[in-house]
Amino acid sequence: MPEGPSIIILKDLIADLHLGKPKVLEVAGNVTTIDKERLLHQKINSFKSWGKHFLICFDDFTIRIHFMLFGTYLINETKKTPVKLGLTFKQDQINFYTCKVDLLEGDINDHYDWRSDIMSEHWDNKLAVKKLKEIPSSYICDALLDQDIFGGVGNIIKNEVLYRTKVHPLSKIEDIPIAKLKAIIKEAQHYSFDFLKWKKENTLSKHWEVYQQKKCTKDHQVTKKELGKTKRQCYVCTICQKKYTPK
DNA sequence: ACGTATGTTATCCT
DNA sequence: TAGGATAACATACG
């Protein structure tokens with residue numbers, strides 16, 4: 001569920017319901033982080049997303065859903081797991097499970113910079129370059145997971161982007177040529193949209209070139225190891241992927 | 001059947 | 001005190 005493109009899929013599914021600006025007729029769920037009364041009988045203006053966050057925008061506040069690692073949702077269905085937050089409209093119902101729910105006060109635009117959402121039409125390559133230059137000693141594998149820079153990028157995207165741009169995860173930003181850095185940023189956005197397309201087709205895993213692979217596309221051995229400050233799984237072809245080091 | 005994992009954060013420890 | 005390690009969440013997949 002988690003990475004940015006998966007949130008777009010949810011947003012698209014809700015758009016397909018043609019809800020317009022629906023009024024919340026019932027609020028269910030065992031959520032403890034928000035006051036459910038706040039939503040009852042209120043009108044939803046829009047459903048948005050930022051990175052891995054799904055946003056339900058009301059007049060004066062926004063409900064933020066984060067699915068973390070295990071979160072799921074069902075539209076016009078329920079399951080046995082206790083629902084965390086369930087919203088019922090005139091015709092339809094959306095149920096969220098195992099997720100983190102928060103309420104953001106005021107205008108949603110005051111909470112988010114849409115330029116750093118990898119799936120946004122406002123995504124800004126130059127801003128990403130600027131932010132990367134501010135953390136020169138970070139490893140690129142950590143930087144790609146930094147939600148303040150690459151909102152929506154997760155571990156799959158990270159691994160595939162580094163393989164496709166032929167960069168070793170333990171290259172430090174200051175050692176990567178600027179042209180290569182820009183290529184990584186561009187590919188992060190490009191691969192995220194491929195991810196979206198393939199996920200919709202149910203063929204995402206077929207297109208993995210390094211993530212959870214034993215051999216890369218050139219039939220080289222792929223190693224799997226927790227690398228960087230974030231200690232997330234990195235799948236690396238040490239033949240195809242270059243580790244940039246100080247001159 | 002079991003081990004692993006698309007994520008983040010609070011808390012405990014050094 | 002800054003940082004790192006750990007646990008927690010609950011489910012699907014191979």
Side-chain angles (χ1 to χ4, degrees), chain A residues 1-13 28-34 49-55 63-75 77-86 95-104 111-112 116-119 135 137-139 141-164 169-170 187-215 222-236:
Chain A
M1 180 63 228
E3 300 194 39
S6 301
I7 309 300
I8 301 293
I9 290 173
L10 167 57
K11 207 165 65 169
D12 288 350
L13 286 173
N30 57 14
V31 61
T32 55
T33 48
I34 62 163
S49 65
W50 183 95
K52 299 165 187 170
H53 301 179
F54 180 64
L55 305 168
I63 297 297
R64 174 177 71 194
I65 310 280
H66 196 306
F67 292 98
M68 309 299 284
L69 201 49
F70 308 115
T72 52
Y73 59 86
L74 287 174
I75 296 172
E77 278 184 84
T78 57
K79 58 176 181 174
K80 283 173 196 161
T81 313
V83 67
K84 177 77 82 171
L85 181 68
N95 295 306
F96 300 101
Y97 303 88
T98 330
C99 53
K100 198 157 70 83
V101 182
D102 289 292
L103 189 148
L104 308 177
H111 290 271
Y112 290 104
S116 39
D117 170 11
I118 198 79
M119 301 306 292
I135 49 166
S137 62
S138 295
Y139 292 120
C141 62
D142 294 327
L144 276 164
L145 292 175
D146 186 332
Q147 299 299 295
D148 291 332
I149 306 174
F150 296 100
V153 169
N155 205 36
I156 296 176
I157 297 174
K158 174 197 84 180
N159 277 292
E160 289 295 312
V161 166
L162 289 176
Y163 177 72
R164 285 157 202 251
L170 291 184
E187 184 60 23
Q189 185 195 33
H190 179 250
Y191 179 77
S192 293
F193 280 90
D194 277 347
F195 183 122
L196 172 62
K197 179 179 71 187
W198 292 328
K199 178 103 182 167
K200 280 184 171 176
E201 293 173 359
N202 240 326
T203 61
L204 180 63
S205 58
K206 277 189 212 165
H207 290 91
W208 287 337
E209 295 183 356
V210 75
Y211 181 76
Q212 289 189 351
Q213 303 306 299
K214 291 215 156 48
K215 295 282 177 71
V222 169
T223 62
K224 173 188 153 184
K225 208 173 180 184
E226 291 173 343
L227 299 178
K229 206 175 172 183
T230 45
K231 297 226 170 64
R232 300 293 303 279
Q233 291 294 356
C234 287
Y235 293 82
V236 188

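Only heavy atoms go into these numbers, but all of them, side chains included; no hydrogens, no water, no symmetry mates.
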Sugar-phosphate or base contact per nucleotide [nucleotides 9-14 of chain C; S, B, -; heavy atom under 4.0 Å]: BBB---

Report all interatomic pairs (protein N or O, nucleotide N or O of nucleotides 12-14 of chain B) with separations under 3.5 Å.
none

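For A:K206, the side chain to side chain contact (heavy atoms under 4.5 Å, CB included) partners two or more places apart in sequence, or in a different chain, are A:T203. Among residues two or more places apart in sequence or in another chain, the side-chain hydrogen bond (donor to acceptor under 3.5 Å, both in side chains) test is passed with A:D102 by A:R64. The side chain to side chain contact (heavy atoms under 4.5 Å, CB included) search around A:N30 returns A:P82, A:K84, not counting sequence neighbours. Taking the side chain to side chain contact (heavy atoms under 4.5 Å, CB included) definition, one finds that A:T223 meets it with A:V236, sequence neighbours left out. Applying the side chain to side chain contact (heavy atoms under 4.5 Å, CB included) rule to A:D146 yields the partners A:D148, A:I149; only residues at least two apart in sequence or on another chain are considered.
Residues from residues 223-236 of chain A with heavy atoms under 4.0 angstrom of DNA chain C, sorted by number: A:K229, A:K231. Near DNA chain B, defined here as any heavy-atom distance below 4.0 Å, the residues from residues 146-159 of chain A are A:Q147, A:G154, A:N155, A:I156, listed numerically.
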For residues 224-235 of chain A, which side-chain N or O atoms pair as donor and acceptor with protein atoms under 3.5 Å away, sequence neighbours left out?
from   : atom 1 : to     : atom 2 : distance (Å)
A:T230 : OG1    : A:D142 : OD1    : 2.4

Could you write out DNA chain C as dot-bracket? Rules: Watson-Crick or G-U wobble, both distances under 3.5 Å, brackets [ ] for crossings, | for pairs with another strand, dot for unpaired. .||||||||.||||

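Pairs of residues two or more places apart, or lying in two chains, that qualify as salt bridge (Lys or Arg N to Asp or Glu O under 4.0 Å) and include a residue from residues 151-163 of chain A are A:E160-A:R164.
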